[in-house]
K.L.:
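Mind looking over this structure? Questions follow.
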Amino acid sequence: MPWKKLAKSDLPAFLAELSTRAELIVPQEKSGKVRFLPFDAAQPVNFPSSLVDVSLKSVFFPKRRPVATFDPADRTKLEPAAPETSPRILLGAHPCDVAAVNYVDRVFIHSSFKDPLYEAERNRTTIIGMACSEMKPECHCTDRDLSPDDERGMDAVFYETSDAYLFRALNDKGAAILKSSLLKETSEEPQKKDWPGGKYPVDPSSLPSADDSLLSPPSSLFQDIADLCLTCGACTFACPTCTCFLISDEQHEGRGERVTAWDSCQFSGYSRMTGGHNPRKTRAARVRNRMLDKFVYTVEKYGATSCVGCGRCAIICPVGRHFPKEIAELSAKAKGR
Amino acid sequence: MKELRARAGEALANGAIDVLLCWRTEPETGRVKPHVFRKGDDLEQMVFDDRCVHNLVTFLPEVAGHNKKTGAVLKGCDGRALVTLLAEKRLKRDNLYLVTVACDGVKVDGRTAAKCADCVTNVSPVADVVIGEKKTMKPAEYKQLEYIEEMKPEERWQFFAQQFERCARCYSCRQVCPMCYCETCIAEQVGPAWIDPSTKLSANTMWQLSRAYHLAGRCADCGECERACPERIPLRLLNAAMQKAVKDLFHVVPGTDPDVQPPLSVLAQDDPDSLLEGKR
């Protein structure tokens with residue numbers, strides 16, 4: 001499909017137009033961080049050159065999500081929450097975040113347990129992705145089968161130039177959104193770049209299999225990392241592909257609500273079972289679980305590794321743990337044996 | 001730094017300690033982060049400067065749990081946390097070798113950490129080796145609370161509601177806190193679930209207030225909860241409010257005196273009864 005040009009000076013008008021056609025989600029700053037939020041015309045919109053501080057995850061899978069309501073007096077009847085169907089446009093999602101959403105689809109749509117609320121959020125959203133123009137210090141998507149200008153999973157894409165944005169539709173859904181008098185057809189094309197890689201490469205086949213891990217206690221490698229890991233949930237909540245949640249029945253002012261809430265394999269309560277047994281009682285066991293999950297367990301369960309190389313775990317860690325470096329070292333060591 | 005390396009190297013070399021918890025500059029990333037040094041490790045990577053913001057006492061129970069004798073390098077605030085942990089018998093003093101280095105303040109996001117303006121001990125109150133000079137600091141005044149105290153109750157609630165709303169319940173505050181070591185946290189109890197696990201405002205508020213209460217008379221003001229919070233919720237304010245009340249009632253500043261027990265874990269004849277007498 002042809003390239004279309006939007007002058008930077010026309011961006012506010014284009015955003016205003018989109019917001020009349022559908023609910024519009026864009027990266028905007030709130031409480032010191034750039035996040036994907038419902039478009040607020042009073043706030044400036046600046047598309048970051050790469051990596052939005054907070055991932056796209058909560059747009060499709062909020063940290064707290066009511067899935068049903070019930071009458072606390074008669075808990076036998078559940079009223080499932082109605083899926084949202086009104087159209088929505090997501091503008092400015094970077095390739096790693098879109099790749100992450102595609103992975104999460106495997107968990108919530110293409111697995112044995114389909115999540116209708118998540119699927120509805122996906123179906124009602126058109127993703128206009130944005131190619132990154134740089135890689136930030138912790139970015140390593142090129143080591144995860146991606147690149148800063150990867151267009152997979154997007155309905156349309158745009159590139160930033162010095163004075164304009166160059167848009168191109170990638171399917172009919174995207175083309176429909178790009179029908180605007182503000183976008184002019186152009187022969188101009190974005191310049192492709194060579195992106196560096198090799199910072200934190202991982203060979204999943206070098207890592208221990210799930211069966212090995214189930215049958216053996218964590219090795220000293222994991223213990224050394226666990227000594228200095230808090231096992232808090234900061235990395236899992238920042239991670240765009242961590243999808244674990246718990247279900248809670250909550251009551252407030254006579255109303256009952258069944259909700260899903262983000263949970264983390266790093267919490268000791270996560271793996272505690274009825275009766276009190278906890279198969280991952282030690283920090284080392286929980287650290288091993290998260291590290292191997294991204295490259296081994298999710299391959300076995302959902303057919304794909306689940307690290308997209310955004311580096312948010314390494315940015316958010318309160319004690320400076322560098323997960324991408326650690327797993328790359330683990331892989332290199334295992335291959336050297 | 002030279003003296004720290006020499007003393008630590010000696011203790012590791014002659015077997016006085018098995019491991020040493022200190023900060024290290026990670027060569028590949030340039031990050032300064034906590035590290036467990038062992039005999040034979042390159043001590044040139046040891047570092048102590050204003051980037052050493054982490055409270056190493058948080059890691060001490062885990063590391064000391066599988067080593068016979070553990071060394072640790074402490075700032076003043078880390079030391080205050082350790083004083084309380086020792087009083088609560090969480091660690092055995094005999095198994096620790098403690099080096100404290102006079103601290104001039106640490107930086108968070110390139111700026112001197114807010115906690116440093118309110119610091120009450122520039123070296124650890126408990127130590128085997130003191131490197132640098134112990135200074136007399138100004139007493140705890142909790143001035144950071146003034147702007148909160150000036151607010152009307154409804155303004156105050158609005159302020160904290162805006163903060164707590166952002167809480168994702170990642171429990172970084174709990175996990176980074178040396179004082180939070182309950183086997184099963186109140187937030188993880190399920191029968192009954194005292195605190196709903198989802199992130200609605202009422203549950204987030206319940207969580208943060210519960211934690212603040214559990215820190216009354218114990219919080220060393222190391223500021224780690226506030227620094228670790230991915231949403232930068234100003235948690236030091238809650239802790240300061242508790243400690244101010246404790247200071248008014250019991251005349252204790254947590255962690256500053258190894259001979260004083262945490263006031264809420266002991267019963268004394270002269271404990272104030274103002275609450276029962278209806279004065280507060």
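Chain letters run A, B, ... following the sequence lines, proteins first and then strands; every chain starts at 1.
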K.L.:
Can you tell me which portion of B:S172 sits under 4.5 Å from chain A's heavy atoms? Options are side chain, backbone, both or neither.
P.N.:
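Both backbone and side chain of B:S172 come within 4.5 Å of chain A.
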K.L.:
By a 4.5 Å heavy-atom criterion (distance strictly below it), what part of B:E26 contacts chain A: side chain, backbone, both, or neither?
P.N.:
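Side chain only.
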K.L.:
Please look at A:V319 and chain B and tell me whether the side chain, the backbone, both or neither of the residue comes under 4.5 angstrom of a heavy atom of that chain.
P.N.:
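For A:V319, the contact with chain B is made by backbone and side chain together.
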K.L.:
Using non-hydrogen atoms and a 4.5 Å limit, figure out which bit of A:I315 sits close to chain B: side chain, backbone, both or neither.
P.N.:
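Looking at A:I315, just its backbone touches chain B.
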K.L.:
Dump the intermediate steps for salt bridge (Lys or Arg N to Asp or Glu O under 4.0 Å) on A:R272 and B:E183, then the final yes or no.
P.N.:
CA-CA 12 Å; A:R272 192 179 60 217; B:E183 180 88 354; over 6 Å; no
K.L.:
Could you measure the distance from the CG atom of A:L230 to the CZ atom of B:R174? Nearest 0.5 Å is fine.
P.N.:
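Here the interatomic distance stands at 11.0 Å.
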K.L.:
Against chain A, work out which of B:C229, B:P230, B:C173, B:A228 has the most heavy-atom pairs shorter than 4.5 Å and name it.
P.N.:
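Option with the top pair count is B:P230.
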K.L.:
Hey, could you give me the CZ/NZ distance between B:R31 and A:K325, rounded to the nearest 0.5 Å?
P.N.:
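Answer for the CZ-NZ pair, B:R31 versus A:K325, is 9.5 Å.
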K.L.:
For B:L56, is it the side chain, the backbone, both or neither that has a heavy atom under 4.5 Å from a heavy atom of chain A?
P.N.:
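For B:L56, no heavy atom lies under 4.5 Å from chain A.
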K.L.:
For B:C225, is it the side chain, the backbone, both, or neither that has a heavy atom closer than 4.5 Å to a heavy atom of chain A?
P.N.:
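Contact with chain A involves no heavy atom of B:C225 at all.
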K.L.:
Which bit of A:K63 is near chain B, if near means a heavy-atom gap under 4.5 Å: side chain, backbone, both or neither?
P.N.:
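Backbone plus side chain of A:K63, per the 4.5 Å heavy-atom cut-off to chain B.
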K.L.:
When you compare the side chain of B:E62 with that of A:Q223, does any pair of heavy atoms fall below 4.5 Å?
P.N.:
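A:Q223 vs B:E62: side chains touch.
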K.L.:
Which bit of A:Y270 comes within less than 4.5 Å of chain B, counting heavy atoms only: side chain, backbone, both or neither?
P.N.:
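Neither; nothing under 4.5 Å.
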K.L.:
Looking only at heavy atoms and a cut-off of under 4.5 Å, which of A:T282, A:T231, A:V259 has the most pairs with chain B?
P.N.:
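Top option by heavy-atom pairs under 4.5 Å: A:T231.
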K.L.:
Counting only heavy atoms not in B:Q158, do more than 12 sit closer than 6.0 Å to its CD atom?
P.N.:
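Not more than 12 within 6.0 Å, no.
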K.L.:
If you measure from OG on A:S268 to CD on B:Q175, what distance do you get to the nearest 0.5 Å?
P.N.:
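These two atoms lie 7.5 Å from each other.
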K.L.:
Is chain B contacted by the side chain of A:Q266, its backbone, both, or neither, given a heavy-atom distance below 4.5 Å?
P.N.:
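No part of A:Q266 comes within 4.5 Å of chain B.
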K.L.:
Would you mind checking which part of B:T29 comes under 4.5 Å of any heavy atom in chain A, side chain (CB onward), backbone (N, CA, C, O), both or neither?
P.N.:
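Answer is side chain: those atoms of B:T29 sit under 4.5 Å from chain A.
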K.L.:
Report which part of A:A314 has an atom under 4.5 Å of a heavy atom belonging to chain B: side chain, backbone, both, or neither.
P.N.:
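Contact with chain B involves both backbone and side-chain atoms of A:A314.
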K.L.:
Distance check, rounded to the nearest 0.5 Å: B:I233 atom CD1 versus A:S31 atom OG?
P.N.:
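Going from the CD1 atom of B:I233 to the OG atom of A:S31 covers 9.5 Å.
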K.L.:
Of all heavy-atom pairs between A:A234 and B:C170, which one has the smallest distance, and what is that distance?
P.N.:
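Smallest heavy-atom distance, with atoms named: N-CB, 4.0 Å.
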K.L.:
Non-hydrogen atoms of chain B under 4.5 Å away: do they reach the side chain of A:C229, the backbone, both or neither?
P.N.:
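Looking at A:C229, just its backbone touches chain B.
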K.L.:
Can you measure from NZ (A:K199) to CD (B:E28) and round to the nearest 0.5 angstrom?
P.N.:
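Here the rounded value is 13.0 Å.
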K.L.:
For B:E165, which atoms come within 4.5 Å of any heavy atom of chain A: side chain, backbone, both, or neither?
P.N.:
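Backbone only.
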K.L.:
Measure B:R38 against the heavy atoms of chain A and call it side chain, backbone, both or neither at under 4.5 Å.
P.N.:
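The side chain, not the backbone.
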K.L.:
Under 4.5 Å, counting heavy-atom pairs only, tell me which of B:R232, B:R169, B:E224 racks up the most with chain A.
P.N.:
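Among B:R232, B:R169, B:E224, the one with the most close pairs to chain A is B:R169.
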K.L.:
Under a 4.5 Å heavy-atom cut-off, does chain B meet the side chain of A:D224, its backbone, both or neither?
P.N.:
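A:D224 touches chain B through side-chain heavy atoms alone.
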K.L.:
Can you tell me which portion of A:L246 sits under 4.5 Å from chain B's heavy atoms? Options are side chain, backbone, both or neither.
P.N.:
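Only the side chain of A:L246 comes within 4.5 Å of chain B.
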K.L.:
Can you name the nearest heavy-atom pair linking A:C232 to B:Y171, along with the distance?
P.N.:
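That would be CB-O, 3.9 Å.
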K.L.:
For B:K200 and A:E257, run salt bridge (Lys or Arg N to Asp or Glu O under 4.0 Å): C-alpha distance rounded to whole Å, both residues' side-chain angles, the deciding distance at 0.1 Å, then the answer.
P.N.:
CA-CA 12 Å; B:K200 60 183 172 183; A:E257 223 174 14; 5.9 Å; no
K.L.:
Can you say whether A:R312 sits under 4.5 Å from chain B via the side chain, the backbone, both, or neither, judging by heavy atoms?
P.N.:
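Neither part; nothing is under 4.5 Å.
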K.L.:
Please determine whether a side-chain nitrogen of the Lys or Arg among B:D196 and A:R64 lies less than 4.0 Å from a carboxylate oxygen of the Asp or Glu.
P.N.:
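Between A:R64 and B:D196 there is no salt bridge, as every charged N stays at least 4.0 Å from the carboxylate O atoms.
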K.L.:
Taking atom OG of B:S198 and atom CD of A:E250, what is their separation to the nearest 0.5 Å?
P.N.:
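So the gap between those two atoms works out to 3.5 Å.
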K.L.:
Need one label for B:R166: side chain, backbone, both or neither, based on atoms under 4.5 Å from any heavy atom in chain A.
P.N.:
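Looking at B:R166, backbone and side chain both touch chain A.
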K.L.:
Would you find more than 12 non-hydrogen atoms of other residues, nucleotides or ligands less than 6.0 Å from B:Y181 atom OH?
P.N.:
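Atom OH in B:Y181 is crowded, with more than 12 foreign heavy atoms closer than 6.0 Å.
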K.L.:
Who are the ring-ring contact (aromatic ring centres under 6.0 Å, His included) partners of B:F37, not counting sequence neighbours?
P.N.:
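Once residues adjacent in sequence are excluded, the partners of B:F37 under the ring-ring contact (aromatic ring centres under 6.0 Å, His included) criterion are B:H35.
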K.L.:
Which atoms of A:K281 are under 4.5 Å from chain B, going by heavy atoms: the side chain, the backbone, both sets, or neither?
P.N.:
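For A:K281, the side chain is the part near chain B, not the backbone.
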